[in-house]
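Written below as C-alpha cells is the structure these notes are about.
Quantities reported herein were computed from a predicted structural model and do not represent experimental measurements. Numbers restart at 1 for each chain; the letters A, B, ... are given by sequence-line order, proteins then strands.
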Amino acid sequence: MTLLSALDYVSVAVFALTGALVASRAQLDIVGFIFIACLTAVGGGTLRDVLINREPVFWVGNPAILAVASAAAILVFFAAHRLESRFRALLWLDACALAIAVPAGVGVAMGAGLGWPVVLVMGMITGCMGGLMRDVVCNEVPLVLRQGELYVTAAFAGAAAAVLLAGLGRDVALLACAGVTFTLRAGSLGFGWRLPVYHPRPPRDGLNR
Amino acid sequence: MTLLSALDYVSVAVFALTGALVASRAQLDIVGFIFIACLTAVGGGTLRDVLINREPVFWVGNPAILAVASAAAILVFFAAHRLESRFRALLWLDACALAIAVPAGVGVAMGAGLGWPVVLVMGMITGCMGGLMRDVVCNEVPLVLRQGELYVTAAFAGAAAAVLLAGLGRDVALLACAGVTFTLRAGSLGFGWRLPVYHPRPPRDGLNR
Amino acid sequence: MTLLSALDYVSVAVFALTGALVASRAQLDIVGFIFIACLTAVGGGTLRDVLINREPVFWVGNPAILAVASAAAILVFFAAHRLESRFRALLWLDACALAIAVPAGVGVAMGAGLGWPVVLVMGMITGCMGGLMRDVVCNEVPLVLRQGELYVTAAFAGAAAAVLLAGLGRDVALLACAGVTFTLRAGSLGFGWRLPVYHPRPPRDGLNR
C-alpha cells in the first residue's frame, strides 16, 4: 500500500468518526449514522474527483472505502456515550481528518499532473468540503466558518507547503502538508491562534449592515 | 416504454409535487415553484449520473423530464390550497417518490454493470438526495433526518432487496425494491415503526454534549 | 478576448464581491473571505460544466479565474467598511452578477450545441447556483427565495430571450439576455415588481399548513 492510498483510508475513517459524532448530536438511528459518516468521509474526495474528472470516483472504484466508513459509524453508535465530551472529540478528530485529507487531495492532484493553483485548491476542497457537507446537512454551524479559528487557512497553508516542497519528492511534500495543516489547526483549537477577522466600522458610525 | 424509463418519469413527477408543496410552504411565486420542483425531481438522479459518469445526465439528454416536473409544479401552484393538510400530503407523496426513485437508481446502476455495493449506494442516493437538496435549500428540517423515522433505512432495505433478488430478473428485483421501500417508509409514517436511536448517557451523568 | 470569455471574467469578479460581502456579514478572516468569494464566483459555472461534461471545468483549465476572485475578496476585506450599507451593495452587485452570469451560461451551452431547453436551464443554473451555494453555506436566507422578488424569474426570462433571439447571432442574443435579466431584477429591487406568490386558503379556513 502506498502512502497515498493509506492516506485515503485513514482520512475516510477519521472523517467518518466525525460524521457519526455529529449524527449522535442529532440523535439519529444507526442507518442515519452510516449515512452521515459516509457523506462526510467521501464528500470532499468525491467533489475533487468529479472536478478533475478522475474516473471512476475513488469509492465507486473501491467500495471497501464505504465499508471502512460504515464500520467507523457503527463503532461510534455503540461507544460514543463513553466520551467525556463529544463536541471536544469532534473538534480534535476533525482536525486530524483535515490534516490527512488535505495531503490526500494534494497527492491525487499532483499525480494527475495538474498545475500548482489547481493542486492547492484540490487540497483545500478534499480537506474542507466533506466536513462542510456534514454540517450543512445536519444544520450545525459549519466548523469551516467558526469565527476567529484557522480552518480553511490551515488547509491553505498545508497545501501551499506541499506545493513549495514538491521538488523534494512527493512523500516529503505530503508529510510537510499534513504537519503544517495539523499544527495550525491544533494551535487554533488549543492556543487560540487566529488571523484578524473583518470588523465593520465602529458602532459610533451607526447603521452599517 | 420500459419499466425503467417509466420509473424515471413517475419518480420525477411525484418528487416535483413534493418540491412544489415545500415551495408553497415558503410562499414562492410560480417560477420559484418550478425551480424547487425541478431541483427536487432531478437532484438525486443527477448526482447518480455524475458519480457513475453516465453521459449525458438523464434530463440533459431528455428535457421532457423538465417539462413533466414543471407541469407538476404548476398544478400544485393552482391546486394546493384544496388540500386539507399540505404537510401530510407532502409526507406521503415523498414516501411514494422515495419508493419509485430507489428502484430507478438501482436499475440504472445495474444496467451500467456496477458492483453490488455501488448499486446499493446509487439506489440510496437517487432516492434520498433530491429531497435532501429540497429541504436544505428551503431551510426545512430534512425529512431524511427526522428523528426516529425510517427513511434512509427504508431506501437501504429496498436497495438491498433488489441486490439480493437480482438473480430473479431485473423487473422482479425492482418491484421488490419499490415494495420494501414503501412498506418500511409507510409503516414508519402510519404506525411509527422505527429503529432505536442514539441516546447519550442518562442525564444524571450531566454534562455530555 | 471574445465577448464570452469577457463575460466569464466579469461575472466571476462581481460574484466574488458578493461572496466577500456575505463573508463580511459573517465576520470571517481573510482566507474565509477568499473561500466564500471563490465558492460564489465559480459555483454556478462549475455545476454547469459538470452537468454538460465540459472538460476541463472552466477554472481548472484557467486558474487565473481564481486569482480574479481572490483579488475581489481581498479588496472587500479592506474596503467594505467604507460602504454606507453593505446589504444594499450586496443586493445590487448580486443583480449585476446575475445579469452577467446568465448570458455566460447560455453562451457556453449554445457553443456546446445543446438543445434550447438545456440552454435555458444552463443559463439559470450558471446565474443562480453560485449565489445559492453562498447563502446556504453562510446560513443566510437565499436571495433566490426571497418572497415576492423576481430572481429565478429574471434569469428565466433572460435565458428565454436569448433562446428566442438566437437567430440574430450569438452576441445579440447574449446582450438581450443580460438586458432582460438585469431589467427585471433591478425593477424588482427598485420598484417592487413581482409575480403573485402562492397563498394558502384564507385564514378563516383555519388549519391549513
Side-chain angles (χ1 to χ4, degrees), chain B residues 20-39 42-43 45-47 49-51 53-67 69-70 73-74 76-90 133-140, chain C residues 46-55 109 112 114-122 124-125 127-129 131-133 135-137 139-157 159-160 184 188 193-202 205-209:
Chain B
L21 279 174
V22 172
S24 82
R25 289 161 58 86
Q27 306 202 357
L28 301 180
D29 65 28
I30 196 163
V31 182
F33 270 62
I34 292 175
F35 179 75
I36 302 293
C38 287
L39 178 75
V42 306
T46 301
L47 190 55
D49 288 355
V50 167
L51 290 177
N53 225 56
R54 189 181 177 218
E55 279 168 41
V57 171
F58 72 113
W59 55 270
V60 173
N62 177 16
I65 292 278
L66 298 174
S70 303
I74 293 168
V76 170
F77 187 79
F78 289 110
H81 64 278
R82 292 175 165 272
L83 290 171
E84 285 271 320
S85 160
R86 277 181 290 142
F87 190 62
R88 201 133 193 88
L90 169 60
M133 291 179 197
R134 172 196 66 204
D135 295 338
V136 166
V137 167
C138 291
N139 221 12
E140 300 257 343
Chain C
T46 302
L47 190 55
R48 173 199 65 202
D49 288 356
V50 167
L51 290 177
I52 67 176
N53 224 58
R54 190 182 177 217
E55 280 168 40
L114 296 164
W116 68 264
V118 178
V119 168
L120 201 69
V121 173
M122 290 304 155
M124 295 168 70
I125 285 178
C128 300
M129 288 314 232
L132 184 59
M133 291 179 197
D135 295 337
V136 166
V137 167
N139 221 12
E140 301 257 344
V141 175
L143 287 185
V144 172
L145 299 179
R146 296 216 312 171
Q147 272 179 39
E149 285 191 8
L150 303 179
Y151 195 105
V152 185
T153 310
F156 171 80
L184 287 179
S188 177
W193 295 356
R194 50 191 291 182
L195 283 183
V197 300
Y198 176 83
H199 280 298
R201 286 184 289 195
D205 285 25
L207 298 170
N208 202 26
R209 175 167 181 159

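- Taking every heavy atom of both residues into account, B/Glu55 and C/Asn53 meet most closely at OE2-ND2, 2.9 Å.
- In this structure, chain C has a heavy atom under 4.5 Å from the side chain of B/Phe33, while its backbone stays farther away.
- In plain terms, the two heavy atoms of B/Val137 and C/Pro142 that are nearest each other are O-CG, 3.9 Å.
- For chain B, no part of C/Met133 is nearby; none of its heavy atoms comes within less than 4.5 Å.
- Interface remark: C/Val144 contributes side-chain atoms only to the contact with chain B (heavy atom separation under 4.5 Å).
- By the 6.0 Å contact criterion, CZ on B/Phe77 is enclosed, its count of non-hydrogen atoms from other residues, nucleotides or ligands being greater than 12.
- The distance from atom CG of C/Leu195 to atom CG of B/Leu28, rounded to the nearest 0.5 Å, is 11.5 Å.
- Only the side chain of C/Val136 comes within contact range of chain B, judged by heavy atoms closer than 4.5 Å.
- Contacts between B/Leu39 and chain C at a heavy-atom distance below 4.5 Å involve the side chain alone, from C-beta outward.
- Contacts of B/Phe35 with chain C are made by side-chain atoms alone, with heavy-atom separations under 4.5 Å and no backbone atom involved.
- Partners of B/Leu51 under the side chain to side chain contact (heavy atoms under 4.5 Å, CB included) rule, at least two apart in sequence or in another chain, are A/Thr46, A/Val50, A/Val57, A/Trp59, B/Leu47, B/Met122, B/Ile125.
- For the pair C/Tyr151 and B/Val31, the minimum side-chain heavy-atom distance is 4.5 Å or more.
- Neither the backbone nor the side chain of B/Ile34 comes within less than 4.5 Å of any heavy atom in chain C.
- Taken from CG in B/Asn139 to CG in C/Asn139, the straight-line distance is 6.5 Å, to the nearest 0.5 Å.
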